[in-house]
There are 4 protein chains.
Amino acid sequence: MKKREVQASVKDERLVKKRRDQMIKGAVTLFIEKGFHRTTTREIAKASGFSIGTLYEYIRTKEDVLYLVCDSIYDQVSDRLQKDLDTSCGTLESLKTGIADYFRVVDELQDEVLVMYQEVKSLSKDALPYVLKKEIEMVGMFEQIISRCVENKELELTEDQIKMSAHNIFVQGQMWAFRRWSLKKMYSLEDYIQLQTELLIQGMRRAETLISNI
Amino acid sequence: MKKREVQASVKDERLVKKRRDQMIKGAVTLFIEKGFHRTTTREIAKASGFSIGTLYEYIRTKEDVLYLVCDSIYDQVSDRLQKDLDTSCGTLESLKTGIADYFRVVDELQDEVLVMYQEVKSLSKDALPYVLKKEIEMVGMFEQIISRCVENKELELTEDQIKMSAHNIFVQGQMWAFRRWSLKKMYSLEDYIQLQTELLIQGMRRAETLISNI
Amino acid sequence: MKKREVQASVKDERLVKKRRDQMIKGAVTLFIEKGFHRTTTREIAKASGFSIGTLYEYIRTKEDVLYLVCDSIYDQVSDRLQKDLDTSCGTLESLKTGIADYFRVVDELQDEVLVMYQEVKSLSKDALPYVLKKEIEMVGMFEQIISRCVENKELELTEDQIKMSAHNIFVQGQMWAFRRWSLKKMYSLEDYIQLQTELLIQGMRRAETLISNI
Amino acid sequence: MKKREVQASVKDERLVKKRRDQMIKGAVTLFIEKGFHRTTTREIAKASGFSIGTLYEYIRTKEDVLYLVCDSIYDQVSDRLQKDLDTSCGTLESLKTGIADYFRVVDELQDEVLVMYQEVKSLSKDALPYVLKKEIEMVGMFEQIISRCVENKELELTEDQIKMSAHNIFVQGQMWAFRRWSLKKMYSLEDYIQLQTELLIQGMRRAETLISNI
DNA sequence: GATGAATGAGTTTTCATTCAT
DNA sequence: AATGAATGAAAACTCATTCAT
C-alpha cells in the first residue's frame, strides 16, 4: 500500500514539502493545545506562517492536515525503530535496546504521540487505513526482533506469544505518552524502561518456561 | 472528591435522573457512531426522546453531556471492579478472577470505553480531574488486590512494582477495546484473558524472583 | 409529477408558508437588482426580515431559494391562465382574451419573469425538471384554448400548427418582459397586445387558408 | 458607438488577438458547461492553454472575458446577417432567405447563443450597452430587409409593423436556441424554419390586408 | 416542565487578482 | 511575455444556546 496522496495546487514538489513541514509543525502545536476539532484552519495557517489562502494551496481539506500530521509522526517513530531492526542480531540485548529506544522516541514525541492517538478517529474512512497500516508495520518490527531471538534460541515462544509480546511492547510504549500524568509521578523514563523491560522480558521467559513444562 | 455537579433547571431529582439516563443512552450511541464533536445537541435531544429545549433543562452545555456519559461509563466498570475487590482474599486465584472480570466488562462495554478514551480530552479543564480521579481509583483497586496477595505472601513485590503491575493490568484491559481491530484477528476474549493473565502474573512472579536475587 | 419538496427544519406548516412568502418577496427584489449569484444568503435573510440562522431553518441551500422563487412566479402566471382556460368557450374572442390576460400578467410580473428566465439555468439538474414542467403545462393551456377554437370551427389548424402557435403566444408574452428595454420605446402594453394578437391570430388564419389551398 | 476597449498589458496587437481567440474558445466551452459564475479564471486559463498570470496579461477582470465572448458571438451572427442584407433585393424571396439563414446560424451557434442570453445580465452596467447595441443593429438589419420589400410593394406595412415584425423574427430565431429542449421534440430545423416563416410572413401579409381594410 | 423557533458568531473553503521571478 | 505562488475578502452553511409560549 502506497502513501495516500494529499493533493496540492502548487506544483513545485520541493516547495510543497517545505510548506507542509511548516504546516505540520504549526498544526501539531495547536492540536496538542486544543485538539483537532477546536483548532481552526485560520489558526493553522497563522501558526504555519502563511495566509489561509496559501494553506489551501497545499491541502484540500482540514482533514488533510490531520493526515499529514499523523503520517509524519508515525514516520518519525517508525524510522527510529527501523534502525534498531536493521542492527538487531537475535540477542536479548538487542531486544532490550529496541524496547528502550522505542520508549525513548515515544518520550521525545510524547505530545505528538498523544495527539495522534486522540485524533486518528477523526480521519475519514478514506485516510484511516493508511495510518493503521503504519501501526501494523511497527508492531511487525518488534515481532521480527523477537523472532530473531527465538530463532537464536534466546527465547522459546509460540507464534501467538511473539505477536502478543510485540503488541504489548508497542502498547506499553504508547502508555508512557498516554498516561504520563499518572506514570511520571512514580517513575523517571529510565525507571519505566527498566521496569517494563523486566516485566515484558521476564514475562516472555516465563512463558517459555511454561511451554517447556507442558 | 465529590462528584462534579451538573446543574439542572428542573427540581424533581427523580425526573432529573430519569431524563439523564435517557440522555446518556442516546448520546453514547451517537458518540460511538460519529464522535462527540460531530454529534449535535439536536441529535442528542432526538435520540434521547425529547426536544432540544428539554435537553437544556437538564444540562447547561453540550460538554455536560460528555461528562455525564464518561462518568456513567466509569461507574459501570468501576462498580464491577468494586465487587471483585470486596470478595478478594489475597489468593492468586482472586487476582486472576479480578483481571478476568475486568477484561470481560471492558469487552461488554468496548464501544463505550473506546468513546470515553477518544473524547475525554474534549472535557474542559474543569471536568477533566473528576474523570481522571475515577481512573486512579480503579487502578487503586487493582493495587489493593495485588497488595493483599503480597501481604498473603502469594507474591513478593515492592510498592513500585505493585503500582506498575496494577497499571499494566488496567492498560491491557483498555487495549482490548482500543486495539480490538488488531487483536480480535488473533485471539478470542478468553484467549486474550488467559495469555495476558499469564504474562502479567508470570511477570510479577519473575519480578519477585529478581528481587530475591539482589 | 408532484411539487419538489424543499425541506424545512421548522414543523409548523403555516409558519413555513409565511416565512417562505417573506423570503420569496425579499429574494425577488434582490435577484432583480443583482442576479442570483451576486446575491448573498445574508442579504436574502436581511431582506426577508430575519437572521441568517432563521433563513436556514426554512431552506437547505441557497438554491432552494431560487427554486422557491421560480416556483412561485410560475404559479402566479399559471393561476391566471388557468382561469382563462376555465372560461374559454372556443370562440376567437376567448382566445384573444386569454392572450391579452397572459400578456398583462407578464407585464405586472415583468421583473419576476425576467429574473426567472435569467436564473433558471442556475437550478441544479435536480430542480430544473420541476420548473420546466410548469412551462410545458402553461403552453399546454394555450394549446387547449386554441384546440377548442379548432373544434368549434373558428380556426382550422393541424396539431403541429396548434402546438407551434401556442408556443409562439407563450414566447411573445415572455418577450414583453425580456425585451422591454427595446419594445417599450415603441409600444404601450395595449399596443403590443393588439399588434401581437393580430399577427398571431392572422398568422393562424392564414395558415388555415394555406391548408385549404393545398 | 465604437467597440468597448478591453485593456491588455501586452503591446503586440497580433498576439493580443491570437491569445484572446484562444481565450474565447476555451471560455465558451466552459460557460456552456457550467455558466459564467461557476467557471473560475483558473479554468479559463487552463482551457485557453496558458497560465493564470498570462490570462491577466490580456484582460483586466473576469468580466472582460464574458464581454469578449458575448461580443464574439454577436459578431458571428451579425456577420452572417450582414451578408444577407447586402444581397437583399426587396423580394419576399430574399426576406425568406434572410430569415432562413438567420435561423440556421442560430442553430449552428445554439450553445453560444444560449450562453450569451443567460449571461449578459452579468455584464456590468459599463459593458452592457455595447452588447445591447449589437442586438439593436441586428434587429435593424431585418427592418431594412423588410423595408426594402415594402418599398418594393411586396409588402404594405406601417413603420410600427415593420419594427415589430423584425423584432418577432429576431426573437423567434433566438427561441430556437432557447427552447430547443421543447421544440426539437416536435420539429426539425427545416420544419421550424418553414412553419415560422409562414406564420411570420403570412402575419405580415394579413396585417397589410387589415390596413387596407381600415 | 416542555417545546421548538430564533439567533448570530464562527467555521471551512473558494477564487479573483497581484506581483516577484 | 510568461509563470504560478501568495493573498485575503467574501461566501455558504452550521449549531450551541436562549427564551417566549
Side-chain angles (χ1 to χ4, degrees), chain A residues 8-12 15-16 19 37-45 49-65, chain B residues 8-12 15-16 19 37-46 49-65, chain C residues 8-12 15-16 18-19 37-46 49-65, chain D residues 8-12 15-16 19 37-46 49-65:
Chain A
S9 304
V10 172
K11 297 181 182 172
D12 181 341
L15 192 54
V16 170
R19 290 276 180 264
H37 280 105
R38 294 202 209 281
T39 302
T40 70
T41 51
R42 293 195 118 81
E43 288 171 322
I44 296 172
F50 33 73
S51 72
I52 182 68
T54 302
L55 181 75
Y56 275 89
E57 290 286 303
Y58 295 93
I59 51 155
R60 289 225 299 216
T61 65
K62 187 186 173 189
E63 203 212 286
D64 281 346
V65 182
Chain B
S9 306
V10 173
K11 305 291 165 196
D12 180 344
L15 191 53
V16 170
R19 291 277 181 259
H37 278 105
R38 295 200 211 283
T39 301
T40 69
T41 49
R42 279 167 135 103
E43 287 170 323
I44 295 172
K46 196 173 182 188
F50 36 73
S51 73
I52 181 68
T54 303
L55 183 76
Y56 274 86
E57 293 288 311
Y58 296 92
I59 51 158
R60 286 221 305 210
T61 68
K62 187 186 174 190
E63 205 211 284
D64 282 346
V65 182
Chain C
S9 304
V10 172
K11 297 180 180 174
D12 180 342
L15 191 55
V16 171
K18 182 182 155 197
R19 292 276 180 264
H37 278 106
R38 292 201 210 282
T39 302
T40 69
T41 50
R42 291 193 119 82
E43 288 170 323
I44 296 172
K46 198 170 180 186
F50 32 73
S51 72
I52 183 68
T54 301
L55 181 76
Y56 275 89
E57 291 284 305
Y58 295 92
I59 51 158
R60 288 224 302 216
T61 65
K62 188 185 172 190
E63 205 212 283
D64 281 346
V65 181
Chain D
S9 306
V10 173
K11 305 291 167 197
D12 180 343
L15 191 54
V16 171
R19 291 277 181 260
H37 278 105
R38 294 199 210 283
T39 301
T40 69
T41 50
R42 280 167 133 105
E43 287 171 323
I44 296 171
K46 195 172 182 188
F50 35 73
S51 72
I52 182 70
T54 303
L55 182 76
Y56 274 86
E57 294 287 310
Y58 296 92
I59 52 158
R60 285 221 307 209
T61 68
K62 186 185 172 189
E63 205 211 283
D64 282 346
V65 182

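Every chain is numbered from 1, with letters handed out A, B, ... down the list of sequences.
With sequence neighbours left out, the side chain to side chain donor-acceptor pair (under 3.5 Å) criterion links T61(D) to no other residue. Applying the side chain to side chain donor-acceptor pair (under 3.5 Å) criterion to R38(C), with sequence neighbours excluded, gives no partner residue.
Along DNA chain F, the nucleotide nearest to L15(A) and the one nearest to T54(C) differ in position, and the one closer to the 5' end is contacted by L15(A). Place F50(B) and G53(D) on DNA chain E by their nearest nucleotides, and F50(B) ends up nearer the 5' end. The nearest heavy atom of DNA chain E to Y58(B) and to Y58(C) marks one nucleotide each, and the one closer to the 5' end goes with Y58(B).
When DNA chain F is scanned in the 5' to 3' direction for atoms under 4.0 Å from non-hydrogen atoms of chain A, the outermost contacting nucleotides are dA5(F) to dA10(F).
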Protein-nucleotides 11-13 of chain E N/O pairs under 3.5 Å:
residue : atom : partner : partner atom : Å
dT12(E) : OP1  : K62(A)  : NZ           : 2.8
dT12(E) : OP2  : T41(A)  : N            : 3.0
dT12(E) : OP2  : T41(A)  : OG1          : 3.3
dT13(E) : OP2  : Y56(A)  : OH           : 2.5
dT13(E) : OP2  : K62(A)  : N            : 2.8
dT13(E) : O4   : R42(A)  : NH1          : 3.2

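As judged by a 4.0 angstrom heavy-atom cut-off over every strand, K46(B) is placed among residues making no nucleic acid contact.
Annotation for R60(C) and D64(C): closest pair N-OD2, 2.9 Å, computed over non-hydrogen atoms. Taking both residues in full, the closest heavy atoms of V16(B) and V10(B) are given as CG2-O, 3.6 Å, listed atom of the first, atom of the second, then distance. Counting all heavy atoms, side chain and backbone alike, K62(C) lies closest to H37(C) at NZ-O, 3.7 Å.
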Starting at the 5' end of DNA chain E, what dot-bracket string do you get if Watson-Crick and G-U pairs under 3.5 Å are bracketed, crossing pairs use [ ], other-strand pairs use | and unpaired bases use dots?
-> .||||||||||||||||||||
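Separating the NZ atom in K11(D) from the OG atom in S9(D) is a distance of 7.0 Å, to the nearest 0.5 Å.
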Show me the donor-acceptor pairs, under 3.5 Å and distance only, between side chains in residues 51-59 of chain D and residues at least two apart or in other chains.
residue : atom : partner : partner atom : Å
S51(D)  : OG   : G53(D)  : N            : 3.4
S51(D)  : OG   : T54(D)  : N            : 3.2
S51(D)  : OG   : T54(D)  : OG1          : 3.1

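Between the CD atom of E57(B) and the C1' atom of dA2(E) there is a distance of 7 Å, rounded to whole Å.
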